[in-house]
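Positions are given from 1 along the sequence.
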Amino acid sequence: MELDLGGILDHFEQHGWARLGKVMPDETVAALSARADDLMLGRVVYPGMFFQMDSATGRHEDAPLGQGWQGPSLGYRKLEKLELDPLFREWIRNPLYEQIARRRIAGAVALYRCILFNKAAAGGSDIPWHQDGGKLWGLSEEPHLQLWTALDDAPLDGGCLEVLSGSHHWGLATPLGGVVPADRVEEKQADAHALALPAVAGESILVHNMVWHKSRRTLTGRRRLGLSICFMSASTRCLRKKRAPRQFFPAFAATHAS
Ligand SMILES: O=C(O)CCC(=O)C(=O)O
């Protein structure tokens with residue numbers, strides 16, 4: 001498939017998101033999806049992988065913190081450090097993503113995170129308006145490039161991604177980053193202006209870290225898995241002080257041209 005990357009990246013720059021279309025082959029969708037189940041059910045195990053169980057209430061703020069894997073369940077909300085797994089690693093480094101990363105990031109490229117957002121068939125939970133950055137992320141530079149891919153169909157009533165187009169131009173809503181405070185959401189009438197981005201399994205969407213985005217519970221009775229990959233310059237340093245600074249997974253080495 002020939003993509004007009006120039007046009008896509010212009011759209012990303014202007015609106016804070018852009019559709020790549022269905023770029024993940026069906027067999028990769030199936031393999032990653034099956035591997036996600038294996039990880040949640042404990043059939044494939046990597047020490048150091050991060051898990052967060054979903055809340056029982058459908059409110060994301062009720063999801064338990066710091067408990068990690070709690071036994072076999074398809075009810076996890078987040079799985080992180082998927083770069084530990086060879087199937088996910090291969091997808092992270094696919095040639096299209098490399099091309100995009102090199103157009104946006106000079107020199108060597110590192111992975112900030114590769115994370116699955118799961119909404120289990122029972123519905124999962126809402127994710128409120130938020131930004132991916134700020135002090136919460138604890139980095140020397142703010143990353144801006146994320147690629148979100150549907151591993152299941154994510155229709156309008158099935159927990160699709162929603163964005164506030166153009167909001168990345170406003171920078172961080174708070175120095176801390178993360179959830180956008182209710183008064184800012186109100187001020188910008190974000191819910192009235194939310195743009196839903198339904199996607200079929202295998203579709204990737206570029207998401208600027210600063211664009212306000214959210215997703216609701218799925219009402220379809222089917223699971224909705226979304227895979228989010230955030231790239232950044234390999235020169236970015238972890239600023240955390242309480243524990244040893246994080247070392248980031250090298251995604252793409254520098255080339256002579258970069
Ligand atoms: O997949 C989702 O539902 C939300 C994704 C998200 O919040 C993120 O990528 O930061």
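You'll find the side chain of Phe252 reaches within 4.5 Å of the side chain of Arg102, heavy atoms only. Counting heavy atoms from C-beta outward, Trp17 and Leu161 have side chains that stay 4.5 Å or more apart. Two residues are said to be in side-chain contact when any heavy atoms from C-beta on lie closer than 4.5 Å; Glu142 and Leu172 meet this criterion. In this structure, the side chains of His168 and Asn209 stay at 4.5 Å or more apart for every pair of heavy atoms. By the 4.5 Å heavy-atom criterion applied to side chains, Leu20 and Ile100 are counted as neighbours. Between Cys230 and Asp132 the shortest side-chain heavy-atom distance does not fall below 4.5 Å. Using a 4.5 Å cut-off on side-chain heavy atoms (C-beta onward), Tyr76 and Gln70 make contact. Using a 4.5 Å heavy-atom cutoff, the side chains of Leu39 and Tyr46 are in contact.
For Ser235 against Ser233, the heavy-atom pair with the smallest separation is OG-OG, 2.7 Å. Contact detail for Pro181 and Ala173: the closest heavy-atom pair is CD-CB, 4.3 Å. Leu87 and Asp85 get closest at one heavy-atom pair: N-OD2, 2.9 Å. Closest non-hydrogen pair, Gly177 versus Leu136, comes out as O-CD1, 3.6 Å. For the residue pair Ala196 and Leu156, the shortest heavy atom distance occurs at CB-CD2, 3.5 Å. Considering every non-hydrogen atom in both Leu41 and Ser73, the closest pair reads CD2-N, 3.8 Å.
Residues that satisfy the side-chain hydrogen bond (donor to acceptor under 3.5 Å, both in side chains) test with Asp153, not counting sequence neighbours, are absent from this structure. Partners of Ser33 by side-chain hydrogen bond (donor to acceptor under 3.5 Å, both in side chains), not counting sequence neighbours, listed by chain and number: Arg223. A search for side-chain hydrogen bond (donor to acceptor under 3.5 Å, both in side chains) contacts involving Glu90 returns nothing, not counting sequence neighbours. Residues that satisfy the side-chain hydrogen bond (donor to acceptor under 3.5 Å, both in side chains) test with Gln52, not counting sequence neighbours, are Arg77.
One distance of note links CG of Leu151 with OG1 of Thr149; it measures 7.0 Å at 0.5 Å rounding. For the atom pair CD1 of Ile229 and CG of Leu116, the computed distance is 9.0 Å after rounding to the nearest 0.5 Å. In this structure, the separation between CD1 on Ile8 and CG on Leu3 is 4.5 Å, given to the nearest 0.5 Å. Within the model, atoms CZ of Phe88 and CD of Glu83 stand 11.0 Å from one another, a figure rounded to the nearest 0.5 Å. In this structure, CZ on Phe231 lies 10.5 Å from CD on Gln146, to the nearest 0.5 angstrom. Atoms CZ and CG, on Arg35 and Leu79 in that order, are 12.5 Å from each other to the nearest 0.5 Å.
Each salt bridge (Lys or Arg N to Asp or Glu O under 4.0 Å) pair with one or both residues in residues 227-245, not counting sequence neighbours, would appear here, but there are none. Among residue pairs with one or both ends in residues 168-194, those qualifying as salt bridge (Lys or Arg N to Asp or Glu O under 4.0 Å) are Arg184-Glu187, Asp191-Lys214; sequence neighbours excluded. Contacts classified as salt bridge (Lys or Arg N to Asp or Glu O under 4.0 Å) and involving residues 170-182 (residues at least two apart or in different chains) are not found. Listed by first and then second residue, the side chain to side chain donor-acceptor pair (under 3.5 Å) pairs involving residues 116-125 are Asp54-Ser125, Lys119-Ser215 (not counting sequence neighbours).
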Would you check, one step at a time, whether the test side chain to side chain contact (heavy atoms under 4.5 Å, CB included) holds for Asn94 with Val23?
CA-CA 10 Å; Asn94 79 73; Val23 295; over 6 Å; no
Between Arg216 and Glu162, does the side chain to side chain contact (heavy atoms under 4.5 Å, CB included) criterion hold? Intermediate values first, please.
CA-CA 9 Å; Arg216 297 181 223 200; Glu162 297 178 50; 2.8 Å; yes
Between His15 and Val163, is a side chain to side chain contact (heavy atoms under 4.5 Å, CB included) present by the stated rule, with each step listed?
CA-CA 9 Å; His15 301 286; Val163 294; over 6 Å; no
Go through the steps for Val211 and Ser165 under the test side chain to side chain contact (heavy atoms under 4.5 Å, CB included), then give the verdict.
CA-CA 7 Å; Val211 86; Ser165 208; over 6 Å; no
Let's go through Ser167 and Gln131 carefully: what are the C-alpha distance in whole Å and the side-chain angles of both, what is the deciding distance for side-chain hydrogen bond (donor to acceptor under 3.5 Å, both in side chains) to 0.1 Å, and is it a yes or a no?
CA-CA 10 Å; Ser167 53; Gln131 295 175 296; over 6 Å; no
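A salt bridge links Arg104 with Glu13: the closest approach of a Lys/Arg side-chain nitrogen to an acidic carboxylate oxygen falls below 4.0 angstrom. Taking the charged nitrogens against the carboxylate oxygens, Asp152 and Arg222 have no contact shorter than 4.0 Å, which rules out a salt bridge.
Looking at Trp148, its side chain never comes within 3.5 Å of a backbone N or O of Ser204 through a donor-acceptor pair. No donor-acceptor pair closer than 3.5 Å links the side chain of Arg224 to the backbone N or O of Thr218. In this structure a side-chain-to-backbone donor-acceptor pair under 3.5 Å is present from Arg217 to Gly124.
For Arg113, the CZ atom sits in a packed shell: over 12 heavy atoms of surrounding residues, nucleotides or ligands are nearer than 6.0 Å. The local environment of CD in Gln247 is sparse, with at most 12 non-hydrogen atoms from other residues, nucleotides or ligands closer than 6.0 Å.
By the rule that hydrophobic residues join a cluster once side-chain heavy atoms approach within less than 4.5 Å of another member, Val200 and Val207 end up as members of separate clusters. Met232 and Tyr97 fall into different hydrophobic clusters, where Ile, Leu, Val, Met, Phe, Trp and Tyr are joined by side-chain heavy atoms under 4.5 Å apart, directly or via other members. Under the 4.5 Å side-chain heavy-atom criterion for Ile, Leu, Val, Met, Phe, Trp and Tyr, Leu145 and Trp91 are members of the same hydrophobic cluster. Leu82 and Phe248 are members of different hydrophobic clusters when ILVMFWY side chains are connected at heavy-atom separations under 4.5 Å.
Phe117 shares a hydrophobic cluster with Ile115, Ile127; the chain of contacts runs through ILVMFWY side chains whose heavy atoms sit under 4.5 Å apart. Summarising the hydrophobic clusters (Ile, Leu, Val, Met, Phe, Trp, Tyr; side-chain heavy atoms under 4.5 Å, direct or chained), the residues clustered with Val45 are none. Listed by chain and number, the hydrophobic cluster partners of Val180 are Trp129, Leu164, Trp170, Val185, Trp212, where partners are ILVMFWY side chains within reach of under 4.5 Å, directly or through others. Residue Phe50 belongs to no hydrophobic cluster, having no ILVMFWY side-chain heavy atom closer than 4.5 Å to its own.
Annotation: cation-pi geometry satisfied between Arg246 and Tyr112 (NZ/CZ under 6.0 angstrom from ring centroid, within 45° of ring axis).
The only option from His169, His213, His144 that meets the ring pair (Phe, Tyr, Trp, His ring centres under 6.0 Å) definition with His208 turns out to be His144.
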